[in-house]
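Only one structure is covered here, and it is reproduced in the block below.
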Amino acid sequence: MNTDYPVALVTGASRGIGRACALELAKNGFNIAVNYMRDEEGANETKRMVESEGRMARIFQCDVSSYGETQELIDLIEKTMGPIEVLVCNAGVTRDSLFLRMTEEDWDQVIDTNLKGVFNVTRWATRPMARRKKGRIISISSVVAFTGNPGQANYAASKAGIVGLTKTLSRELARYTITANVVAPGYISSDMTDRLPHEVQERLKNQVPLGRPGTAEDVAHAVAFLASDRATYITGQVLFVDGGMSAGGV
Ligand code: NAP
């Protein structure tokens, strides 16, 4: 493996926004650690796509909600690929249900993956970053962290938690030249949203001033910017990629 290039770890990179981030970061000169949980075929496809951009990729199966597994994940990437310079915490799930019907399992699964997952991976990745005094943490939240959304109490809470976590990290880790920022997508076409009933998709589309759902690439461009040398002085911020959904204020 050519370890001359910096390494970016993208969690949940077997498809959708995570895959697009992996590709965009590869185009911007990073070797990519492709994390996935179930979809090995999708992760291998992301790997092939990164390689076709002339960069190296390796796939790493890991459940981000597991504290122990994420420690092994970070150790293994650092040993086999080199220092992680950029961490993109993208892995996420939904278990939608109106609050009065929401089960403890729906709540725990979403919080454990979306919020504790960011804690876990960041916890292990920031130690070596702090030693090297270099790192970028970019976590994917959502516009619903700021607006709420009926049926998504668990998801909105997990995504709002990411914002508070990131703002605190930006203050604690600045002394190590580590920046921490959030990208908050609005309504993006992906497996996650293609599963929604047609009328819900239409309602969401009507809430977007630019009149179309975003693409995974729209989100990836913002992530690549925050990972780039052009963003060295930006930390603790939320960058909305939502076609104007939050323009009226959040
Ligand atoms: P997606 O197509 O459903 O992909 C989710 C990814 O997360 C998959 O690669 C999946 O991997 C991975 N994943 C799920 N649970 C995991 C776990 N426990 N450990 C490791 N990986 C896990 O979703 P997406 O639309 O691309 O969304 C990506 C991120 O953007 C999520 O955090 C989502 O909340 C956020 N977001 C999406 C939208 C939107 O409109 N799509 C809007 C705002 C925010 P496996 O398949 O291998 O399990």
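Atoms within a ligand are numbered from 1 in the order they appear, just like the ligands themselves.
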message = Between Lys167 (side chain only) and Gly236 (backbone N and O only), is there a donor and an acceptor less than 3.5 Å apart?
response = yes

key: Salt-bridge contact Glu85-Arg136 (side-chain N to carboxylate O under 4.0 Å)   = no

request  = Side-chain contact test, heavy atoms from C-beta onward, threshold under 4.5 Å: evaluate it for Glu51 versus Met56 and give yes or no.
outcome  = no

inquiry  = Let's go through Arg95 and Met102 carefully: what are the C-alpha distance in whole Å and the side-chain angles of both, what is the deciding distance for side chain to side chain contact (heavy atoms under 4.5 Å, CB included) to 0.1 Å, and is it a yes or a no?
reply    = CA-CA 9 Å; Arg95 290 289 174 277; Met102 188 167 284; over 6 Å; no

query = How are the rings of Trp124 and Tyr67 set relative to one another: parallel (under 30°), tilted (30 to 60°) or perpendicular (over 60°)?
reply = tilted

remark   = Less than 4.0 Å from some atom of ligand 1, heavy atoms are found in residues Gly12, Ala13, Ser14, Arg15, Gly16, Ile17, Asn35, Tyr36, Met37, Arg38, Asp39, Cys62, Asp63, Val64, Asn90, Ala91, Gly92, Val93, Thr113, Ile140, Ser141, Ser142, Tyr155, Lys159, Pro185, Gly186, Tyr187, Ile188, Ser190, Asp191, Met192, Thr193

task = Compute the ring centroids of Phe240 and Phe146, then answer whether they are less than 6.0 Å apart.
result = yes

